[in-house]
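To start, the structure itself, in structure tokens.
Note on naming: letters A, B, ... go to the chains in the order of the sequence lines (proteins, then strands), and numbering restarts at 1 for each one. Excluded from the calculations below are hydrogen atoms, water molecules and symmetry mates; all remaining heavy atoms, backbone and side chain alike, are included.
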Amino acid sequence: MLTLKFIQDNPDLVVEKLKVKNFDAKAIVDEIIALYENKNQIQGKADNAKAEMNKISKEIGILFREGKKEEANQAKERTSELKETIKQLDTEFSSIDEKVYDLLVQLPNIPHDSVPAGKSENDNVTVKSGGDKAKLPENSLPHWELAQKYNLIDFELGVKLSGAGFPVYRGKGSRFQRALINFFLDQARDNGYEEIQPPLVVNEASGFGTGQLPDKEGQMYHVTEDNLYLIPTAEVPVTNIYRDVIVDAKNLPYKNTAYSACFRREAGSYGKDVRGLNRLHQFDKVEIVQIAHPDKSYAILDEMVAYVETLVQKLELPYRILRLCGGDLSFASALTFDFEVYSAAQEKWLEVSSVSNFETFQANRLKLRYREEGVKKPMLAHTLNGSALALPRIVAALLENNQTENGIKVPKVLVPYCGFDIID
RNA sequence: GGUGAGGUGGGUGAGUGGCUGAAACCACUGGUUUGCUAAACCAGCGUACGGGUAACACUGUACCGCGGGUUCGAAUCCCGCCCUCACCGCCA
């Protein structure tokens, strides 16, 4: 959520910048400004009326204590008009406040200056690529066939137990998953991230804090009986650790990592995008989250991107890093870098990580602030997060790219975690 | 699921209608004292939105889980909701 103050101070800039996200904000911004024109005036009037009311009430109290009942009752008579005035002004005020709020939550975050214009994922800009595309043997298979051939993942069994998009990993497939999770967590810890084990369901306030609610309600599994939501990413519980807190500037940045299962309804997905591990309702992910000082957040974003890069490098996957264009940028993000790894058998790039700076957009909802030494007013912090990494497509790419006549080779870094070096 | 208790400032916790934005203690910040550590003493110490200021200062209003009501006046009384804790039951 953008701050009202920012919009008031820079209405044209907001409209201009949101065009990059292909969002026409003119009407909303104009309405916000118009609604707020009278707001201060109304507040002034209301405050004055209340001040007078408070004064009278105090006087009545004193009169009663002194036993001057008659004078007290006389004073009472003056209050009814004031009461009416206050009620009216308050109603007017809160109606404006409410309307403005409803408009505010509709505005996406402002993209960073470096975000390229563009309509869709086709307009994303490749900023870097690395690794070599695997040379696959003849008759190489896509991961869903490999998974079946080596009995690693049973998709049909998942359908029986839960439905499409809930695969059952078994044997070496299951161990491979566990190895990746442990590898990612250990790497994150080595890079200064504190490990968190968060709840997998969150309340409404948490869903709102990171921006899933109310906009993306339909994307989350909702436990209606208890009004809890299954987390779509560990970002939600981990970032909400910092909801409603004021931190000391000198303690920034906070660095957290968390493994969690992630649950997404993925309503509206279809076709080959959902084949195999490409898109699931439940998947595993290790997330990294940082709470940063605004002056440092972009340096930290670079650091996070560099960190994720080391992961795909260590896994020896061919990758590319994309700077998302305005059209592909999420509602809450100011700048996002996506990581894609190349799946040789499917002959396509798979998104495995998304690293974003949300600036104050989430912090404003979370009321996450920091206090600078010597400065009285607390300021909104910046939040950042990234996948490091999401498992399914990494697994898909590793299976496909490392297939040989004799089985699937396990990347060196994972061998100690797996306890085997080939899947056969 | 049953029964009971309770939600007050960073923490503990007092406060049953006016002098309470809120005692006291702890924590924290500044100062005095001190050979160091420690201690003692003094002072300060919430947030939001207004007014005000170059910026402070200063100042108005609101906020004692959330929403509503009673009253001239509500942390305090009434109603609804949410949440937490304890014990019992069930259970990984």
Side-chain angles (χ1 to χ4, degrees), chain A residues 1-9 32-33 35-101 103-105 197 199-209 213-214 222-229 237 240-252 254 261 291 360 363-381:
Chain A
M1 189 160 65
L2 297 175
T3 62
L4 183 60
K5 187 142 188 56
F6 186 81
I7 295 170
Q8 285 175 313
D9 292 348
I32 289 174
I33 306 271
L35 277 167
Y36 247 55
E37 224 168 45
N38 291 327
K39 180 246 167 197
N40 283 358
Q41 215 187 340
I42 294 169
Q43 180 174 356
K45 280 191 204 160
D47 282 359
N48 284 340
K50 286 175 189 173
E52 197 182 339
M53 189 69 148
N54 287 343
K55 192 166 151 251
I56 294 172
S57 295
K58 212 160 252 181
E59 284 164 6
I60 291 174
I62 291 166
L63 289 175
F64 267 123
R65 221 163 329 114
E66 290 172 348
K68 299 174 180 168
K69 224 171 178 176
E70 219 156 281
E71 287 177 53
N73 284 324
Q74 215 164 26
K76 271 192 203 181
E77 285 167 24
R78 291 192 286 153
T79 61
S80 61
E81 194 185 333
L82 268 176
K83 236 180 162 176
E84 192 52 40
T85 308
I86 289 170
K87 198 172 175 185
Q88 231 170 57
L89 289 167
D90 270 354
T91 307
E92 202 174 336
F93 184 83
S94 56
S95 139
I96 290 176
D97 227 33
E98 215 170 285
K99 278 185 199 153
V100 167
Y101 179 84
L103 292 168
L104 271 179
V105 296
Q197 261 196 46
L200 302 182
V201 294
V202 292
N203 57 27
E204 237 173 310
S206 295
F208 176 80
L213 293 175
H222 187 195
V223 183
T224 50
E225 180 136 17
D226 299 296
N227 197 24
L228 293 170
Y229 295 85
N240 271 281
I241 291 173
Y242 303 94
R243 169 156 48 87
D244 290 324
V245 298
I246 300 175
V247 301
D248 213 322
K250 63 173 185 277
N251 292 331
L252 294 172
Y254 287 92
I291 311 300
T360 60
N364 190 31
R365 292 178 160 226
L366 292 160
K367 293 203 183 73
L368 159 55
R369 290 165 297 175
Y370 68 93
R371 201 191 298 277
E372 200 91 60
E373 191 159 354
V375 180
K376 207 172 170 194
K377 196 174 167 62
M379 307 292 289
L380 291 172

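- Of the candidates B:rG51, B:rG60, B:rC72, the closest approach to any side-chain atom of A:M53 belongs to B:rC72.
- Regarding contacts with the backbone of B:rC49, a side-chain N or O of A:K377 is found under 4.0 angstrom from either OP1 or OP2.
- Between B:rA62 and A:N54, a contact under 4.0 Å exists linking OP1 or OP2 to a side-chain N or O.
- Residue A:R369 has a polar side-chain atom (N or O) positioned under 4.0 Å from OP1 or OP2 of B:rA48.
- The CG atom of A:D90 sits 11 Å away from the P atom of B:rG69 (whole-angstrom rounding).
- For A:K76, no side-chain nitrogen or oxygen approaches OP1 or OP2 of B:rU71 to under 4.0 Å.
- Contact detail for A:I42 and A:E92: the closest heavy-atom pair is CD1-OE2, 3.3 Å.
- Aromatic ring orientation, A:Y254 versus A:Y242: tilted (interplanar angle from 30° to 60°).
- Both A:I60 and A:K50 lie close to RNA chain B; mapped to their nearest nucleotides by heavy-atom distance, the more 5′-ward contact belongs to A:K50.
- The nearest heavy atom of RNA chain B to A:A46 and to A:T79 marks one nucleotide each, and the one closer to the 5' end goes with A:A46.
- Distances shown here put a side-chain N or O of A:N40 below 4.0 Å from the OP1 or OP2 atom of B:rG51.
- Per the geometry, CG belonging to A:N73 stands 14 Å off P belonging to B:rG73, to the nearest Å.
- Straight-line distance from the CG atom of A:L63 to the C1' atom of B:rG73: 13 Å, rounded to whole Å.
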